[in-house]
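Reading through the structure tokens given below for one structure.
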Amino acid sequence: MALTASEIKQINRLLLSWYKVSARPLKIRERSDPYAVLVAEVMSQQTQISRVDVFAERFLSRFPTLRSLARAETADVLQAWRGLGYNRRALLLHRAAVASHALGGIPTDVDSLEALPGVGPYTARAVAAIAGDGREIPVDVNIARVVQRLVGGRRLTPKPLQAVANGFGAHLKPGEAGRWAQAAMDLAGSTCLSVRPDCSSCPLRSVCRSKGRVRATRKKRSAASTVKFETTQRWLRGRLLDELRDAGVAGVRVRGARGGHDAAAVRSAIRRLEGEGLAERIDSGAYRLPRRSSRKVRR
DNA sequence: CACGCGTGGGG
DNA sequence: TCCCCAAGCGT
């Protein structure tokens, strides 16, 4: 059974007032600059949330404006991304900057945002809610858990889930959706935990339809033979990227074995990186970080 | 739609 | 020291 309007309003009220006293928002999310918010949201998908402020500020000090990122060489973006993981996301962020700079700025409506490279349903709604006046709730895995529990714990597929989440947004004032989302994420990380939620201290306990009847532990895990990390593609790609970062514009000849990968595997990996736009082959036969994005922006 | 993507931090 | 983990997006 769907929540009534008054139940939704009550939940919104409780959540926002709880947030006022006990939330620890990302500073970066309190900016109204859609560019800064986009950078922070992309990073928040791959790094400890508590470190996003530090990483985002570092990145933003190197590329303070959308224009500066849009005009940057791919190599410099990848250098600034060192240590942050998921290098393809740096490429996508760069391409999103190029595309939106050409449009005159980062859009703040969901549809235009979602058309940008690397920006999907979550990121689009997060930027629209935080930097714009969007009222659609960005649903990440944490907010999904909170919302599903609030309505009774039934697992919802993405589309119905988004619709239920938007039901909360529809009763918010303009500008509140971003805080609602931040509050729900904080609640998910501190109280409405995946494994052992602390319902007794939850500000929403009086209105939650799953209070006290959350299934105990869910375990999947194991199986999958233990694979040495040095034998994985991720490890190899990460090492090759760092070699390219260290080499600079002169590039480096990539030959020989790395960890558990023979020379042929290394050649194959560097060619794959080249195909993805993460490496550039130069005349000498060496590779370096690409000076410019080698692939077109997809649209 | 199932899978691949990177890294640093915590147990 | 070793093992486990995060989490949205593109393909």
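Everything numeric here is computed off the predicted structure, so don't read it as measured data. In the text below, chain A, chain B and the rest are named by the order of the sequence lines, each starting its count at 1.
Taking the charged nitrogens against the carboxylate oxygens, A/Arg125 and A/Glu114 do have a contact shorter than 4.0 Å, which makes a salt bridge.
Using a 4.0 Å heavy-atom cutoff across all strands shown, A/Tyr86 reaches at least one base atom of the nucleic acid. The residue A/Arg125 sits apart from the nucleic acid: no heavy atom pair falls under 4.0 Å. Note on A/Val42: nothing from the nucleic acid sits closer than 4.0 angstrom, heavy atoms only. Contact annotation for A/Thr123: backbone-only contact, meaning every heavy-atom pair under 4.0 Å involves sugar-phosphate atoms and none involves a base. Contacts of A/Arg272 with the nucleic acid, taken as non-hydrogen atoms under 4.0 Å apart, involve only primed sugar atoms and P, OP1 or OP2.
One can place CG of A/Leu84 at 15 Å from C1' of C/dA6, the figure rounded to the nearest angstrom. At whole-Å resolution of the value, CG in A/Leu116 and C1' in C/dC9 are 13 Å apart. One interatomic measurement links the two molecules: CG of A/Leu92 to P of C/dT11, which rounds to 8 Å at whole-angstrom precision. One can place CG of A/Leu273 at 12 Å from C1' of B/dG6, the figure rounded to the nearest angstrom. In this structure, CZ of A/Phe229 is placed 13 Å from P of C/dC4, rounded to the nearest angstrom. Distance, A/Met43 CE to B/dG6 P: 15 Å, rounded to whole Å. Look at CD on A/Glu230: it is 13 Å from P on C/dT1, rounded to the nearest Å. The NE2 atom of A/His94 sits 20 Å away from the P atom of C/dC9 (whole-angstrom rounding).
Not one N or O on the side chain of A/Ser22 forms a donor-acceptor pair closer than 3.5 Å with the backbone of A/Tyr19.
With P as the reference atom, B/dG8 and C/dG10 are 24 Å apart, rounded to whole Å. A gap of 15 Å separates the C1' atoms of C/dA7 and B/dA2, to the nearest Å.
Sorted by first then second residue, the ring-ring contact (aromatic ring centres under 6.0 Å, His included) pairs that include residues 21-57 of chain A, not counting sequence neighbours, number zero. For residues 175-198 of chain A, the set of pairs meeting the ring-ring contact (aromatic ring centres under 6.0 Å, His included) definition, not counting sequence neighbours, comprises A/Phe168-A/Trp180.
The side chain of A/Arg51 lies closest to B/dG9, out of B/dT7, B/dG9, C/dG10. For A/Asp242, the listed nucleotide lying nearest its side chain is B/dT7; candidates were B/dG9, C/dC9, B/dT7.
With sequence neighbours left out, A/Ser68 forms a side chain to side chain donor-acceptor pair (under 3.5 Å) with A/Thr65. For A/Asp242, the side chain to side chain donor-acceptor pair (under 3.5 Å) test picks out A/Arg239, A/Arg245, with sequence neighbours left out. Shown here are the ring pair (Phe, Tyr, Trp, His ring centres under 6.0 Å) partners of A/Trp81, two or more places apart in sequence or in another chain: A/Phe59.
Contact annotation: A/Arg88 does not reach the phosphate of B/dT7 (side-chain N/O to OP1 or OP2, under 4.0 Å).
When each of A/Glu114 and A/Gln46 is assigned the nucleotide of DNA chain C with its nearest heavy atom, A/Gln46 is the one assigned upstream, toward the 5' end. Along DNA chain C, the nucleotide nearest A/Lys228 and the nucleotide nearest A/Pro121 are compared for position; the residue whose nucleotide lies closer to the 5' end is A/Lys228.
A donor N or O paired with an acceptor N or O is found under 3.5 Å between the base of C/dG8 and the side-chain atoms of A/Arg89.
A/Gln46 and A/Arg89 share a side-chain donor-acceptor pair at under 3.5 Å.
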inquiry  = Only Watson-Crick and G-U wobble pairs with both distances less than 3.5 Å should count. Give DNA chain B in dot-bracket notation, marking inter-strand partners with |.
reply    = .||||.|||||
